[in-house]
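A short worksheet on the structure shown next.
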Amino acid sequence: MADGAKIVIDRASKLFLEGTVVAFRNVELTVRPKEILCIVGPSGCGKTTLLRCIGGLVAPTSGRVLIDGAAVDRPRAGVAIVFQHFGLLPWKTVAANVAFGLRVAGAPRGEIAERTDHYTKLVGLAGFENHYPYQLSGGMQQRVGLARALATNPEILLMDEPFSSVDAQTREVLQEELLELHERERRTMIFITHSIDEALVLGDRVAVMATHPGRVKEVLTVDFARPRDPAAVRGEPRYAELRNHIWSELRPAAVT
């Protein structure tokens with residue numbers, strides 16, 4: 001087991017339907033403090049199920065998940081999840097949605113107000129506090145979901161394809177904003193994506209998963225300097241090399 005790791009997935013497997021359906025098998029993976037680990041892989045390789053195991057929403061069938069050396073057996077304080085589908089409460093305003101997790105946790109009223117204001121501004125939604133989700137674009141709704149997660153002050157942020165449902169231009173803007181946020185408020189992040197480009201732009205390392213059964217094929221170091229400029233990254237020869245390598249690993253599953 002890796003010394004100093006924030007998260008350790010130790011020979012974890014998840015099976016459904018009395019073992020007849022394998023989400024993933026014998027996954028071993030570590031996540032370092034304050035790094036962004038991106039996980040990329042084909043549909044059906046168990047990425048989202050693995051993230052839910054890390055978040056304590058489901059338990060692995062065998063093996064274990066550890067955070068700071070302690071086994072994860074339920075959702076725990078200090079871990080927040082940003083889902084692919086925004087998950088906003090449509091009858092609540094932006095401010096009320098951002099504050100929701102803090103209210104559930106029983107935070108003092110003054111702290112709720114302060115944190116809600118801070119993170120609403122941090123994600124670029126100042127002036128929209130009293131709007132409802134239906135009045136916002138997809139990108140703005142995703143910012144609300146991110147602000148809601150950050151407001152709880154998590155040490156670990158688990159992100160399940162959070163930008164996949166927005167248009168391409170908005171996606172690049174959100175990537176840039178996430179990189180800026182990571183520079184300001186270093187947190188340990190696991191970021192699931194189908195996009196090789198996104199994984200290379202955001203990640204310190206990229207775990208490449210395969211399916212049948214779901215497993216980690218390899219973990220690649222993405223050694224572009226931080227602070228990171230996405231445009232500069234895409235112009236690096238190493239970017240093309242890594243992208244082509246990852247695509248060669250994923251392509252067989254994509255064309256079957």
Side-chain angles (χ1 to χ4, degrees), residues 6-7 31-41 47-48 50-51 54-55 78-88 94 97-98 101 115-116 118-126 128 133 136-207 220-236 239 242-243 246:
K6 187 70 175 175
I7 303 169
V31 187
R32 302 163 185 157
K34 300 182 180 180
E35 82 164 330
I36 300 178
L37 175 73
C38 291
I39 301 177
V40 63
K47 301 185 300 295
T48 293
L50 179 61
L51 197 78
I54 297 167
V79 179
I81 304 177
V82 179
F83 294 103
Q84 177 179 355
H85 302 292
F86 316 119
L88 304 182
V94 166
N97 268 286
V98 173
R115 285 188 163 278
T116 298
H118 173 73
Y119 285 104
T120 300
K121 290 176 178 175
L122 187 67
V123 300
L125 290 175
F128 292 91
L136 306 177
S137 68
M140 294 170 77
Q141 290 182 46
Q142 194 57 274
R143 288 186 179 93
V144 178
L146 181 58
R148 180 176 58 190
L150 292 170
T152 62
N153 196 28
E155 292 183 77
I156 297 170
L157 195 58
L158 306 177
M159 309 188 76
D160 185 13
E161 299 188 62
F163 305 153
S164 63
S165 57
V166 299
D167 64 82
Q169 291 85 2
T170 301
R171 187 169 188 156
E172 291 203 14
V173 170
L174 290 172
Q175 290 168 1
E176 292 170 2
E177 291 179 354
L178 184 64
L179 286 170
E180 291 173 4
L181 187 149
H182 186 61
E183 288 300 318
R184 289 194 299 267
E185 301 193 7
R186 287 296 180 99
R187 302 171 194 270
T188 305
M189 295 188 197
I190 299 179
F191 191 105
I192 287 180
T193 180
H194 276 96
S195 168
I196 300 171
D197 171 79
E198 189 163 70
L200 294 175
V201 165
L202 297 178
D204 295 295
R205 291 184 299 146
V206 176
L220 302 167
T221 298
V222 182
D223 46 8
F224 303 122
R226 293 191 186 276
R228 190 172 287 179
D229 176 4
V233 166
R234 293 182 179 107
E236 291 277 354
Y239 169 88
L242 285 168
R243 189 192 182 285
I246 294 171

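Hydrogens, waters and symmetry mates play no part in the numbers below; they use all other heavy atoms, side chains included.
Between E198 and R171 the shortest side-chain heavy-atom distance falls below 4.5 Å. Counting only heavy atoms from C-beta outward, the side chains of L157 and L150 approach each other to under 4.5 Å. Side-chain contact between E172 and P230 is absent, with no heavy-atom pair separated by less than 4.5 Å. Counting heavy atoms from C-beta on, the side chains of D160 and V82 never come closer than 4.5 Å. In this structure the side chain of V173 reaches within 4.5 angstrom of the side chain of E177, judged on heavy atoms. The shortest side-chain heavy-atom distance between H194 and V40 does not fall under the 4.5 Å cut-off. Using a 4.5 Å heavy-atom threshold, the side chains of R32 and I7 count as separate.
Across all their heavy atoms, T152 and A80 have their closest contact at OG1-CB, 4.1 Å. Residues Q141 and P133 come closest through the heavy atom pair NE2-O, 3.3 Å. Listed here is the closest heavy atom pair of P154 and A149: CD-O, 3.3 Å. Across V222 and G203, no two heavy atoms sit closer than the pair CB-O, 3.3 Å. C38 and L202 make their closest contact through SG-CB, 4.1 Å (heavy atoms, listed as atom of the first residue, atom of the second, distance). Closest approach of A147 and Y119 over heavy atoms only: CB-O, 3.7 Å.
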Q: For K6 and E35, run side-chain contact (heavy atoms from CB on, under 4.5 Å): C-alpha distance rounded to whole Å, both residues' side-chain angles, the deciding distance at 0.1 Å, then the answer.
A: CA-CA 9 Å; K6 187 70 175 175; E35 82 164 330; over 6 Å; no
Q: Give the C-alpha distance, both sets of side-chain angles, the deciding distance and a yes or no for side-chain contact (heavy atoms from CB on, under 4.5 Å) between H118 and R115.
A: CA-CA 5 Å; H118 173 73; R115 285 188 163 278; 5.6 Å; no
Q) So D204 and R226, side-chain contact (heavy atoms from CB on, under 4.5 Å) or not? Walk me through it. A) CA-CA 9 Å; D204 295 295; R226 293 191 186 276; 2.8 Å; yes
(Q) Go through it in stages, so that I can follow the logic: the residues are V123 and V98, the test is side-chain contact (heavy atoms from CB on, under 4.5 Å), and I'd like the CA-CA distance, side-chain angles, deciding distance and then a yes or no. (A) CA-CA 11 Å; V123 300; V98 173; over 6 Å; no
**Q.** Working for salt bridge (Lys or Arg N to Asp or Glu O under 4.0 Å), residues R228 and E183
**A.** CA-CA 9 Å; R228 190 172 287 179; E183 288 300 318; over 6 Å; no
(Q) Does R234 form a salt bridge (Lys or Arg N to Asp or Glu O under 4.0 Å) with D197? I'd like the steps, not just the answer. (A) CA-CA 8 Å; R234 293 182 179 107; D197 171 79; 2.7 Å; yes
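Taking CG of L178 as the start and CZ of F163 as the end, the distance is 5.0 Å to the nearest 0.5 Å. Taking CZ from F224 and CD from E236, the interatomic distance works out to 5.5 Å, rounded to the nearest 0.5 Å. Separating the CZ atom in R205 from the CG atom in D223 is a distance of 12.5 Å, to the nearest 0.5 Å. Between atom NE2 of residue H182 and atom OG1 of residue T188 there is a gap of 8.0 Å, rounded to the nearest 0.5 Å. Atom CG of L37 and atom CD1 of I190 lie 6.0 Å apart (nearest 0.5 Å). Annotation: the span from I81 atom CD1 to I156 atom CD1 amounts to 10.5 Å, rounded to 0.5 Å.
A donor-acceptor pair under 3.5 Å is formed between the side chain of T120 and the backbone N or O of T116. When atom types are taken as modelled, the side chain of K47 and the backbone of G41 share a donor-acceptor pair closer than 3.5 angstrom.
A salt bridge between E185 and R187 is present, with a side-chain N of the basic residue lying under 4.0 Å from a carboxylate O of the acidic one.
Between the side chains of E161 and T193, not a single donor N or O lies within less than 3.5 Å of an accepting N or O.
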